[in-house]
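Positions are given from 1, in the same order as the sequence printed here. When a ligand or atom number is given, it counts from 1 through the structure's own listing order.
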Amino acid sequence: MSPYKYSTLAVHAGQHPDPQTGAVNVPVYLSSTFELTGIGTDKGWDYSRAGNPTRDRLETALAALEGGTSGHAFASGMAAISALVAMLRAGDHVVCSHNVYAGTVRLFNQIVSHYGIDIEYVDTSNLDAVAAAIRPNTKLIHIETPSNPLMVLSDIAAISEIAHAKGVEVSVDNTFMSPVLQSPLALGADIVMHSTTKYLNGHSDGIGGALIGSKPEHKERFLLVQKAAGAILSPFECYLVLRGIKTMPLRIKQHEENGRAVAEYLAAHPKVSRLAYPGLKSHQQYELAVKQQKGFGSMLSFDIGTREAAGRFLGAMKIFLNAESLGGVESLASHSATTTHAALSDAEREAAGITQGTIRLSIGIEDKEDLIADLEQALAAV
Ligand SMILES: *Cc1c(COP(=O)(O)O)cnc(C)c1O
């Protein structure tokens, strides 16, 4: 455990000055290969797929921020999830939250299942369903909480307890909360996954992903996947995430304040139904959100009725951009059915509760009064 508090860690973990020059910023080591010091000896690096000094710094920061034993940076969030399941074998069984990121479902159904790995989707907000789904060959329970876009929570501590009693590991996609607002490893999970594209980078200028492990065997496993499968994050992208991390706690404060203000505004609007934001007392799992999260974040969704209404609303927005993704400084609005969840069949979307009127908002760090005024005029256009 680090003796430092969070904002200090964000600025300093892995980000000490360059020992050679004193440069305060982590240098971007654009080198594919490294000169060896002899036969079989080196200065810590030999080839950048296996390890790169800039990436090492980011991985140190990621491990510190999640309280893990090792961090591993990948070329995208999807590459990180691919690495998570890369060490499974034919015949293994995975339990996955039924309303995870649609890209995860696409990866599992269209690629991973072809390797003889059996993936079962379960409503992980229901602990009995989780317990009932575990089989003798279950190796992993992969959950995402809160879920996208309906903000359904899964109880990380309770699921970890159920899983560990049966010798099963738990991985948590912590992208929606960021490391600032939720610490899955402290709650008992084994592995944390992030799309660093979102809050960790925070500026919508790079794609990246990460796994953070809690045991030495995770380090061994994920280092092997980085080296053997090769979907590593480039040094420059590592630098962008390191830069983003320094201001992440500060950004998250503003994201949060704005998220709450927007949710309260929308909750009272007659054209808005099924508003999903865990920070509202009316959210079915408000108590769990208070217990397991350190805040409520800045993601929310609601139903505006029809696809036509959604189109008019998105077309009328002036500050919010009609774009997928989340976690950047700018506020985004998106039509879930045709963007983030377009990969799902109509039946899968319906089962997940995503309608043609579902709008997802990622609240940025602009002034909340401007954001609310923008929502007001766009809702008036519907
Ligand atoms: C964006 C996202 C991913 C995928 O990450 P990429 O960086 O786009 O590959 C996975 N999970 C969640 C929750 C996401 O929001």
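- A search for side-chain contact (heavy atoms from CB on, under 4.5 Å) contacts involving P235 returns V28, L30, N52, T54, not counting sequence neighbours.
- An N or O contact shorter than 3.5 Å is missing between T104 and ligand 1 by distance.
- Using a cutoff of 4.0 Å between basic side-chain nitrogens and carboxylate oxygens, E287 and K291 are not scored as salt-bridged.
- For atom 4 (C) of ligand 1, the closest non-hydrogen atom on the protein side is Y101 CE2, 3.4 Å.
- Counting heavy atoms under 4.0 Å from ligand 1, residue T196 does not touch it at all.
- Distances shorter than 4.0 angstrom occur between a heavy atom of G208 and an atom of ligand 1.
- The shortest N/O to N/O separation between I81 and ligand 1 does not fall below 3.5 Å.
- For the residues T175, D173, I207, the heavy atom positioned nearest atom 11 (N) of ligand 1 is part of D173.
- Distance alone, capped at 3.5 Å, places no donor-acceptor pair between the K219 side chain and the S70 backbone.
- Using modelled atom types and a 3.5 Å distance limit, the side chains of S171 and H142 yield a donor-acceptor pair.
- For atom 1 (C) of ligand 1, the closest heavy atom belonging to the protein is K198 NZ, 1.5 Å.
- Here is the list of ligand 1 atoms found below 4.0 Å of a heavy atom in L326: 15 (O).
- Looking at E264 and K368, no side-chain N of the basic residue comes within less than 4.0 Å of a carboxylate O on the acidic one, giving no salt bridge.
- In summary, the atoms of ligand 1 found under 4.0 Å from a heavy atom of S76, numbered by their order in the structure, are 7 (O), 9 (O).
- Summarising the local packing, CD of E369 is surrounded by more than 12 heavy atoms from other residues, nucleotides or ligands at distances under 6.0 Å.
- For Y199 and H255, the gap between ring centers is short of 6.0 Å.
- Below 3.5 Å of separation, one finds an N or O of G77 facing an N or O of ligand 1.
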